[in-house]
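Everything on this sheet refers to the single structure shown next.
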Amino acid sequence: MATDAKKTATELSRSESIGVGHVQETKRGLSPRHLQLMTIAGGIGVGLFVGVGGVLRVAGPINLILGYLFYGCVFMWPLSLMVGEMVAWLPIRGSIYELASHFVDPALGFAMGWTYFFAGAMVVCTEYSAVATVIGYWDSNTNPAAWVAMSIAVCYILNMFAVRWFGESEFVMASTKVLLLLGLVLITFITMVGGNPRHDAYGFRNWTNGKAMHPYYATGATGRFLGFCAAVRYAVFTIGGPDFVSLAAGEIQNPRRTVPRVAKMILVRILTFYVVGIIAVGIICPSDDKNLFGAIENGSVGSAASPWVIGIARVGIESFLPGFINFLIMLSGLSCGNAFLYSASRTLYSLAQDGHAPRVLLKCNKSGVPWVCVSVVTAISLLTFLVSSHAASDVFGWFLDLTTVSLVVNFTAMGVVFVAWYRALQMQGYRRIGIVFPYVSPFAPYTAYMIIVIGSIVSLGIGFDVFAPFSYRGFITSYFGLAWFVLAFALFKIVKRSKLVDPKTVDIFMHGRKQDIDAECRFWEDATSDGNEKVRLARMNAFVRAWERFWGV
C-alpha cells in the first residue's frame, strides 16, 4: 500500500550489500575529455565525408538536412538524455544491457547485448574497409587487404593499452575529425560568399531549380518523402548514439558528474557537427553534379568520391587539398574503427558480467583491459579481408547495410528499458528529483514512448526500397539485424524460460551494486566538492585551469 510520504534521498542510497564478487574488473581510467571527444566524434567516420555523396544524390540537400535534424534531435537527443540519467545514477560495469536484464527481462538484456555486439563488430569492419578504400586514392595497385591488416593491427594495439592511453589516442584522432569537419565548413562559407579563385559568390545556388529535394523510388510528393526516409536511414549509421556513454560509464572517472554533462552536450554536438556539416556539403556540391554521379557509379576511391572535394574542385581549388583531406579522412576511419572496437569489446564484457557470455571473457590484464573481448572482436573483424576479392567500396556497403537496423533496434530497446526502470521507481515510491539523482532527463517518460514508436517504425521501414523490384541481397542486409534481435530474444525465452520482471518487487539497488558504486564514486565526488574544487583549480595556471573547465574535469 502506497504511503503519502515518499522515500528520502538517504533511504534511496541505502541498500544491503550481498557481496558482488568481481574476479577481474575494468578500471576507471577515462577522463571527462576522453568521453567528451568519444561522444562528439566517435560516430564521425568515412561515411560523413565520402559516403554521404550517395545520399545527397538521391535525396537532395534539404531532405538530407531534414533527415539529420529529425533523427538527431527528435530521436537521438532525448534518448541520450534518458540513458544518461540511468547510467549516471548507476554507472555499473555491466552497462545498460545489465539494466535491461534486471528491470525488464533477462531475454531483453541478452538480445540487446548481442545485437549491439553484432552491430559494433560490423561497424569495425565497415571502417576498416573504408580505410582500405581511402588509401586506394594514393595506391590502387596494392591489394586492399594489406591496408585492412594495417588497420586491424593499429586498432588492436591501441585497445590493448590501459584505457587511459586508449582514451588519449582516441582524443587525438577524434580531434582531427572535428578539425577536418570544421575546416570543410569554413571553406564552404568562404567560397560561397566569393572567396574562391573564380570569385563566384554562388551562395545557395545549388538548392535552386529543383535540386533541393529529389524524389526517390517514386514520383511527386511521395518520392520526396521517400527521399527524406533515405536520409533518415543514412543518419542512423553516421550519428553516434548514447552507446559510448553507457559503455564507458564503468570506466569513466567521476561518472556521476561527467555522464550528465556529456549527455546534455549531445544536442550541441548534433547541431554543430552533423547538421551544420550536412548543410555545408549540400551548399558546396550540387546534388546533380556529373562528377559526383561518375564517382559513385565508377566506385572512385577516397576523397575522389567525396562531395566535399568535388565541390572544392568546382570553384577552382585543387592544389594539395584533395590529398590532405584524404589523409584526414583516413584518420577518421581509423578513429571510428578504434572507437567501435572499444564499444564492441565492452559490450561483450558486459554480456559476460551478466552471465550471457562465457566467463573467460571477463579476463582483464593488469591495466584493466578485457583483452579476451578485444581479441574476439578483432578476430571477427578479419571478415574485412573480403576486400581482397571484392571491391572495397562494395564491402563497405555490405557492412553498412548490415549495421543500420541493428543500431535502431538497440536504441529503441533502450527506450523500453527506461520505461521499465521508471515504472519500478514509481511503483516503489521513489521520485526522480535532483537531490536523489545526479541528473533527471526532461519530459520523461513521454519521450521514451516517442522513442519506442519512432524506432519501431524506422526498424520496420528501413528497407522500404528493396521490395519492388525485390532484392534478396537488399532484404537480407536490411533486416538481418532485426531478425538477429528477435531470434536472440526468442531463443533465450525458450531455453532459459525467463519472465518479465515485476516492477513492484524488483530490487532497485541491484543487490547492493549501488552501494558499491556509491563508495567507489565517493573518491571523486569528495575531491570535486565545491570547496576542494576551488582549491584544486586555484593551484593551476590560467591556461590549465581554462582547459580543465572546458572539458568539465
Side-chain angles (χ1 to χ4, degrees), residues 47-48 50-76 126 204 206-239 241 270 274-275 277-279 281-283 285-290 292-293 295-297 305 307 393-394 396-409 411-412 450-483:
L48 192 60
V50 178
V52 71
V55 188
L56 178 64
R57 183 188 69 165
V58 301
I62 299 298
N63 269 332
L64 198 55
I65 295 167
L66 293 176
Y68 270 73
L69 276 172
F70 174 79
Y71 184 74
C73 298
V74 179
F75 185 85
M76 199 56 71
T126 301
F204 291 89
N206 295 328
W207 292 11
T208 60
N209 300 321
K211 292 184 287 188
M213 299 180 74
H214 294 182
Y216 173 65
Y217 198 64
T219 59
T222 301
R224 288 189 290 273
F225 173 72
L226 293 179
F228 163 78
C229 293
V232 171
R233 179 172 60 190
Y234 195 75
V236 171
F237 174 73
T238 53
I239 297 181
I270 291 170
Y274 290 101
V275 176
I278 289 300
I279 291 173
V281 76
I283 290 173
C285 182
S287 55
D288 63 349
D289 185 274
K290 63 179 181 179
L292 179 62
F293 275 57
I296 294 169
E297 292 169 0
S393 57
D394 290 340
F396 175 87
W398 296 347
F399 288 127
L400 187 152
D401 292 341
L402 284 168
T403 300
T404 304
V405 74
S406 304
L407 294 173
V408 181
V409 169
F411 294 151
T412 304
M450 179 182 69
I451 293 298
I452 295 169
V453 171
I454 294 174
S456 300
I457 294 172
V458 173
S459 298
L460 294 174
I462 199 85
F464 67 90
D465 52 357
V466 303
F467 294 99
F470 187 78
S471 168
Y472 289 101
R473 173 193 170 280
F475 180 79
I476 292 171
T477 54
S478 295
Y479 290 103
F480 183 83
L482 178 59

>> With salt bridge (charged side-chain N to carboxylate O under 4.0 Å, His left out) as the rule and sequence neighbours excluded, what pairs involving residues 225-234 come up?
In response: R233-D465

> How far does CD1 of I278 sit from CG of L56, to the nearest 0.5 angstrom?
Replying inline: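 Going from the CD1 atom of I278 to the CG atom of L56 covers 8.5 Å.
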
> Parallel under 30°, tilted from 30 to 60°, perpendicular over 60°: which one fits the rings of F470 and Y472?
Replying inline: perpendicular

Which heavy atom in [X] sits nearest to a heavy atom in [Y], and how many Å separate them?
{"X": "T412", "Y": "I451", "value": "CG2-O, 4.2 Å"}
{"X": "A230", "Y": "V55", "value": "O-CG1, 4.2 Å"}
{"X": "N63", "Y": "R224", "value": "ND2-O, 3.2 Å"}
{"X": "L226", "Y": "F464", "value": "O-CZ, 3.7 Å"}
{"X": "T404", "Y": "F237", "value": "OG1-CB, 4.1 Å"}
{"X": "A235", "Y": "G67", "value": "CB-O, 4.2 Å"}

So, the side chain of [X] versus the backbone of [Y]: is there a donor-acceptor pair under 3.5 Å, distance only?
{"X": "Y234", "Y": "V52", "answer": "yes"}
{"X": "S287", "Y": "K211", "answer": "yes"}
{"X": "S478", "Y": "F475", "answer": "no"}
{"X": "Y217", "Y": "A468", "answer": "yes"}
{"X": "Y274", "Y": "L69", "answer": "no"}

>> I need the single residue from V458, T403, V232 that forms a side-chain contact (heavy atoms from CB on, under 4.5 Å) with V408. Which is it?
In response: V458

